[in-house]
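Here the structure is laid out as C-alpha cells; the discussion comes afterwards.
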Amino acid sequence: MPAASPAPAEPAASLRILVVDDDEAVRGSIAYQLDRLGHQVIEACDAQWALELFDRHRPDLVLSDVDMPGFDGCWLARQVRERDQRGWTPLIFLSALGEATSVAAGIAAGADDYLLKPVHPVVLEAKLHAMRRLRDMRSQLEALSEELRCANVELLRQARHDGLTGLLNRRGLDEQLDVAIELSRRNRMPLTVMLCDVDHFKRYNDGLGHHAGDECLRHVGALLRQLARRPMDSVARYGGEEFALVLPDTPRAGARTLAHAITRIFETTALPHPDSPVAAHVTLSGGITTCDPGSATPAATLLQRADEGLYLAKSQGRNRFVSL
Ligand SMILES: Nc1nc2c(ncn2[C@@H]2O[C@H](COP(=O)(O)OP(=O)(O)OP(=O)(O)O)[C@@H](O)[C@H]2O)c(=O)[nH]1
C-alpha cells in the first residue's frame with residue numbers, strides 16, 4: 001500500500017520571519033524554503049545582529065540556531081522574551097544539538113519549540129502553521145483584553161456620572177471635592193461649594209409630567225455647566241433635583257458673581273414653570289460656602305454649610321442664593 005501523503009496544510013498567511021544562523025548555507029536554504037511558502041524573511045548571521053533586527057522589524061516568528069559564535073541562541077531567546085513582555089513572539093530553535101539537556105535548556109531560555117537540523121520542509125511548514133495559529137490566538141486575546149479595558153473605563157465613567165444629565169453624580173462629586181480640598185490646602189487657595197435646588201420642582205412634574213421634568217433637569221444641568229466652565233470646576237447632579245458645584249480658587253466675591261450669573265441665566269432662558277408661585281420660569285435656590293485659603297475644611301462640613309445656606313434661601317422666598 002502506498003504511504004499516505006501528509007494532509008495538505010491550510011494555506012499559510014504571510015509571516016515576517018527572522019532567520020538566525022551563522023552558517024550562510026543553512027540560513028540561505030531555510031530562507032529559500034520560507035520564501036517559496038510566501039513568507040517575508042529577514043536574515044541575521046549572529047545573535048546580536050538578530051536582536052537589532054528584532055527590535056527594528058518586530059517579526060511574527062524567530063527561527064534561530066542555538067550554537068553560534070559570540071552570543072548563542074539561548075541568549076537571544078532570553079533577550080527576545082525580555083523585550084516581549086507585553087506580547088509574545090514565537091521562537092523556534094533549529095539545532096544540530098539533539099541531547100535532551102540542550103532541548104530543555106533551549107525551552108527554558110524561552111524557545112517555544114526545538115527542531116533538529118536538517119528540518120524536513122513539510123515539518124517546517126507544519127510548525128509554521130502551528131505558530132501562526134498561536135499568533136492569531138494571541139491577537140484575538142489582545143483584541144479581547146483591549147475591549148475589556150475599554151469596557152472597564154466606560155464602567156468607571158458610568159459609576160461616576162449621572163445618566164440623565166451626563167454630569168458627575170454624587171460619588172463623582174465627592175471624589176472631586178476631596179481632591180479640591182487637598183489642592184486648596186496645598187496651594188493656599190479659597191474653595192467654594194454651592195448646592196442648588198430647582199424651586200417647586202414637584203409642581204413642575206405634576207403639571208407637565210415626569211418626562212418634561214427630566215428634560216428640565218437636563219436643561220438645568222447644561223446651564224450650570226455653561227457657567228461653571230473653568231477647567232477645575234465640577235458640576236454634579238447631587239440627587240433628584242439638586243445640583244452641586246465645586247469651584248476651586250473661587251473666593252466669596254467670585255462665588256457671589258457666579259450665583260448672580262446663575263439667577264440671571266435662568267431669567268433670560270425663561271424655561272416656563274406653569275405652577276411656580278415664585279416666577280413664571282424655572283428658578284433655583286442655592287446655598288454657598290467658601291473656605292479660606294489653606295483651611296482644609298472637611299468635605300462633610302462644606303456640604304453641610306452649603307445645605308444650611310440652601311435651606312435659608314428656600315425659607316427666605318426661593319430664587320436666591322445664601323452664602324454662609
Ligand atoms: N422628573 C424627575 N423628577 C425628579 C427626579 N428626581 C427627583 N424628582 C422630583 O423632584 C421633586 C422634588 O420635590 P420636593 O423635594 O418637594 O421639592 P420641590 O417641589 O422642588 O420644592 P422646593 O425644593 O421646596 O422648592 C419630587 O417630585 C421628585 O419626584 C428626576 O430624575 N426626574
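In this chain, residues are counted from 1 in sequence order. We use all heavy atoms of the structure for the numbers below, so side chains are in, but hydrogens, waters and symmetry mates are not. Counting starts at 1 for both ligands and their atoms, following the listed order.
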Contact partition for Glu215 relative to ligand 1, non-hydrogen atoms under 4.0 Å: neither
His211 contact mode with ligand 1 (heavy-atom cut-off under 4.0 Å):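 Neither; nothing of His211 gets under 4.0 Å from ligand 1.
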Pairwise side-chain contact, Val41 with Arg16, heavy-atom cut-off 4.5 Å (strictly under):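 Side chain of Val41 against side chain of Arg16, heavy atoms only: no contact under 4.5 Å found.
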[Y] and [X] side chains, donor-acceptor separation under 3.5 Å:
X: Thr290; Y: Thr192; result: yes
X: Asp197; Y: Tyr311; result: no
X: Tyr204; Y: Ser276; result: no
X: Glu142; Y: Ser139; result: no

Exercise: identify the closest heavy-atom pair between Ser285 and Asp199: OG-OD1, 2.6 Å
Nearest candidate to atom 9 (C) of ligand 1, where distance is taken over non-hydrogen atoms, out of Asp214, Asn205, Asn319: Asn205
Check ligand 1 against [X] and write out every atom of the ligand that is under 4.0 Å from a heavy-atom position of the residue.
X: Gly240; value: 6 (N), 7 (C)
X: Asp199; value: 20 (O), 25 (O)
X: His200; value: 18 (P), 19 (O), 20 (O), 21 (O), 22 (P), 25 (O)
X: Arg318; value: 22 (P), 24 (O), 25 (O)
X: Gly213; value: 1 (N)

Does an N or O anywhere in [X] fall below 3.5 Å from an N or O of ligand 1?
X: Val198; value: yes
X: His210; value: yes
X: Leu217; value: no

Among all protein heavy atoms in this structure, tell me which lies nearest to [atom], with the distance rounded to 0.1 Å.
atom: atom 13 (O) of ligand 1; result: Lys202 CB, 3.7 Å
atom: atom 31 (O) of ligand 1; result: Arg237 NH2, 2.5 Å
atom: atom 22 (P) of ligand 1; result: Lys314 NZ, 3.4 Å
atom: atom 20 (O) of ligand 1; result: Phe201 N, 2.6 Å
atom: atom 15 (O) of ligand 1; result: Glu241 OE2, 3.5 Å

In one Ile/Leu/Val/Met/Phe/Trp/Tyr side-chain cluster, 4.5 Å: Phe71, Trp49: yes
Spacing of Leu63 atom CG and Ile17 atom CD1 [to the nearest 0.5 Å]: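 Answer for the CG-CD1 pair, Leu63 versus Ile17, is 5.5 Å.
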Inter-residue atom distance Gln140.CD - Ser145.OG, 0.5 Å rounding: 12.0 Å
Heavy-atom gap Glu242 to ligand 1 smaller than 4.0 Å: no
Polar side-chain atom of Arg81 near backbone of Thr89 as donor-acceptor pair, under 3.5 Å: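 Pair found, side chain donor or acceptor close to backbone of Thr89.
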Main-chain N/O of His200 paired to His273 side chain as donor or acceptor, under 3.5 Å: yes
